[in-house]
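Single-structure report; data block below.
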Amino acid sequence: MADLIDGKAFAEGLRQRVSEQAAAFAAEAGRKAGLAVVLVGEDPASQVYVRNKGKQTIAAGMASFEHRLPAETPEAELLALVGRLNADPAVDGILVQLPLPAHIDEQAVIAAISPDKDVDGFHVVNAGRLAVGQAGFVPCTPLGCLMLLKDRLGDLSGLEAVVIGRSNIVGKPMAQLLLAESCTVTIAHSRTRDLAQVVRRGDIVVAAVGRPEMVKGEWLKPGATVIDVGINRIAAQTEGKTRLVGDVDFAGASAVAGAITPVPGGVGPMTIAVLLRNTLIAAHRNIGLAPPSSL
Ligand code: NAD
């Protein structure tokens, strides 16, 4: 049986380190590090994410600034708010919760965020910095996956890594991070031929597809380390109930893999913990301090 990679425990440890360093930052800077979160509209899942981000930001000893705008907010008004947050010295990180309502151009909004406050790492400047190996901000979910992999495996150099999914938010930055760790990286996607054969190469497999239990145990190389990013809600056996599953068939994969992240409790808790870490790093850089190495 594969070992469980406990993302929940790792995320708790990271949040603890962030809290300690946030207190040290506040003592040195004379103010708390600050994260502004902007939510447009009333998407229920987004409301939950934003609430959790706010709570965890405050619990880590940082300032949380929440901006809730109605769904019909014009794009120009949202861009003006982003402009004010860019200029606000109390705000170190800015996160605009996606998805945005259809009448707003997401790329235009992301482009308006100052790259030095873009703690989600979605701005093209930060994507470019990641691609060329400069310090910037890396999207939280893939960076969390990398932390779990390094914690489990140590040096990743020379390992075969297969990333399934090529989104800007998870798949592409994940592949860049693994390449920077000197893995031999394959990116598989919806047009990949014979996915099972490709996945079998992987000493590391990261699944970020959004298809419940798609990756089967028999696709895996025995002993592989499997990171399941997927969060899919499916009908449970009890009528009327739902349950969360990943993109990997957990039972099948556990019989073959060396280690695997569960869903829930694997990658999920890492995302906000890394967001807090990125915000604290932004706060240090914004006032010319070196970010703490323990993060
Ligand atoms: P996305 O829809 O933007 O991208 C999915 C990718 O999967 C695409 O690049 C597509 O090419 C690929 N794909 C689709 N069908 C495929 C197939 N049959 N075979 C191979 N590849 C296929 O999704 P995303 O934003 O990257 O998210 C992926 C999953 O991760 C979702 O389940 C999402 O909920 C989850 N997610 C979790 C977190 C977290 O905090 N844990 C964060 C972001 C996303």
Side-chain angles (χ1 to χ4, degrees), residues 5-12 14-15 37 43-53 56 95-100 106-107 110 119-122 127 130 137-149 161-178 185-202 205-216 218-220 226-234 242-250 253 260-278:
I5 298 176
D6 189 346
K8 194 159 172 264
F10 191 96
E12 264 170 36
L14 177 56
R15 286 204 308 269
V37 178
D43 177 68
S46 294
Q47 284 184 327
V48 173
Y49 294 144
V50 166
R51 198 164 47 239
N52 286 338
K53 283 169 187 168
Q56 293 192 28
L95 181 153
V96 178
Q97 185 66 46
L98 303 180
L100 288 167
E106 278 185 3
Q107 286 308 319
I110 292 169
V119 285
D120 250 344
F122 294 166
L130 176 60
F137 292 106
V138 177
C140 302
T141 301
L143 184 52
C145 295
L146 185 74
M147 288 177 179
L148 295 178
L149 282 167
V162 177
V163 178
I164 319 172
R166 57 174 161 183
S167 72
N168 290 338
I169 292 173
V170 189
K172 279 186 211 159
M174 186 76 245
Q176 293 283 6
L177 285 168
L178 290 165
V185 182
T186 304
I187 307 176
H189 48 76
S190 54
R191 302 290 178 88
T192 295
R193 281 190 226 139
D194 200 352
L195 185 60
Q197 196 61 36
V198 172
V199 168
R200 183 154 264 269
R201 283 186 211 157
V205 175
V206 181
V209 186
R211 289 179 183 256
E213 302 175 323
M214 185 188 79
V215 177
K216 305 299 177 204
E218 58 269 24
W219 297 7
L220 298 169
V226 179
I227 304 289
D228 190 351
V229 184
I231 302 177
N232 309 289
R233 193 166 281 286
I234 62 166
T242 59
R243 65 187 179 99
L244 286 185
V245 296
D247 291 342
V248 178
D249 169 16
F250 183 81
I260 184 168
T261 56
V263 177
V267 174
M270 291 299 292
T271 300
I272 297 182
V274 175
L275 174 68
L276 301 178
R277 169 213 181 257
N278 282 358

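In each ligand, atom 1 is the first atom listed, and ligand 1 is the first ligand listed. Only heavy atoms go into these numbers, but all of them, side chains included; no hydrogens, no water, no symmetry mates.
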Heavy-atom side-chain contact between Phe122 and Ile169 under 4.5 Å
yes

Non-hydrogen atom of Ala188 closer than 4.0 Å to ligand 1:
no

Heavy atom of the protein closest to atom 33 (C) of ligand 1 (residue, atom name, distance)
Ile231 N, 4.2 Å

Checking side chain to side chain contact (heavy atoms under 4.5 Å, CB included) between Asn232 and each of Asp247, Leu244, Val263, which is the one that passes?
Asp247

Going by the closest heavy atom to atom 9 (O) of ligand 1, which one wins out of Arg166, Arg233, Met174, His189?
Arg166

In ligand 1, which numbered atoms sit nearer than 4.0 Å to a non-hydrogen atom of Arg211?
14 (C), 15 (N), 16 (C), 18 (N)

Quick check: does Ile169 get an N/O under 3.5 Å from an N/O on ligand 1?
no

Proximal ligand 1 atoms for Leu195, defined as those under 4.0 Å from one of its heavy atoms
19 (N), 20 (C)

Of the non-hydrogen atoms in Leu146 and Leu178, which two are nearest, and what is the gap between them?
CD1-CD2, 4.1 Å

How about Lys8: does its NZ atom have over 12 heavy atoms from other parts shown lying under 6.0 Å from it?
no

At what distance, to the nearest 0.5 angstrom, does CG of Leu143 lie from CE of Met270?
7.5 Å

In terms of atom number and element, which parts of ligand 1 are under 4.0 angstrom from non-hydrogen atoms of Val229?
30 (O), 35 (C), 36 (N), 37 (C), 41 (N)

The protein heavy atom nearest to atom 13 (N) of ligand 1 is Val209 CG1, 3.5 Å

Element-labelled atoms of ligand 1 that are located less than 4.0 Å from some non-hydrogen atom of Ile164:
20 (C), 21 (N)

Do Leu275 and Leu95 come within less than 4.5 Å of each other through their side chains, counting heavy atoms only?
yes

Taking the side chain as everything from C-beta on, heavy atoms only, tell me whether Ile272 gets closer than 4.5 Å to Cys140.
no

Distance from atom 4 (O) of ligand 1 to nearest protein heavy atom, with residue and atom
Ser167 CB, 3.8 Å

Arg200 side chain vs Leu220 backbone, donor-acceptor pair below 3.5 Å
yes

Please check if the side chain of Gln56 supplies one atom and the backbone of Ala273 the other of a donor-acceptor pair under 3.5 Å.
no

Do any heavy atoms of Thr192 fall under 4.0 Å from ligand 1?
no

Specify the protein heavy atom at minimum distance from atom 31 (C) of ligand 1: its residue, its atom name, and the distance to 0.1 Å.
Gly210 CA, 3.6 Å

What residue and heavy atom of the protein are closest to atom 11 (O) of ligand 1, and at what distance?
Ser190 N, 3.1 Å

Considering the heavy atoms of Val267, write down every atom of ligand 1 situated less than 4.0 Å from one of them.
41 (N)

Can you name the atoms of ligand 1, numbered from 1 with element, that are less than 4.0 Å from a heavy atom of Val170?
26 (O), 43 (C), 44 (C)

Treating Thr192 as the side-chain partner and Leu195 as the backbone partner, does any N or O pair qualify as donor plus acceptor under 3.5 Å?
no

Are Tyr49 and Thr271 close enough that some pair of their side-chain heavy atoms sits under 4.5 Å apart?
no

List the closest protein heavy-atom neighbour of atom 40 (O) of ligand 1: residue, atom name, distance to the nearest 0.1 Å.
Thr271 OG1, 2.7 Å

How close do Glu106 and Pro99 get, counting heavy atoms only, and between which atoms?
OE2-CA, 3.3 Å

Taking 4.0 angstrom as the limit and counting only heavy atoms of Gly268, give me the atoms of ligand 1 inside it, by number and element.
41 (N)

If the cut-off is 4.0 Å to any non-hydrogen atom of Gly165, which atoms of ligand 1 fall inside it?
6 (C), 7 (O), 9 (O), 12 (C)

How far is atom 42 (C) of ligand 1 from the closest protein heavy atom, and which atom is that?
Thr141 OG1, 3.2 Å

At under 4.0 Å between heavy atoms, what of Arg191 touches ligand 1? The answer is neither

Is there a heavy atom in Ala208 that sits closer than 4.0 Å to ligand 1?
yes

Is the backbone of Val162 close enough, under 3.5 Å, to the side chain of Thr186 for a donor and an acceptor to pair up by distance?
no

Looking at ligand 1, would Met270 count as a contact under a 4.0 Å heavy-atom criterion?
no

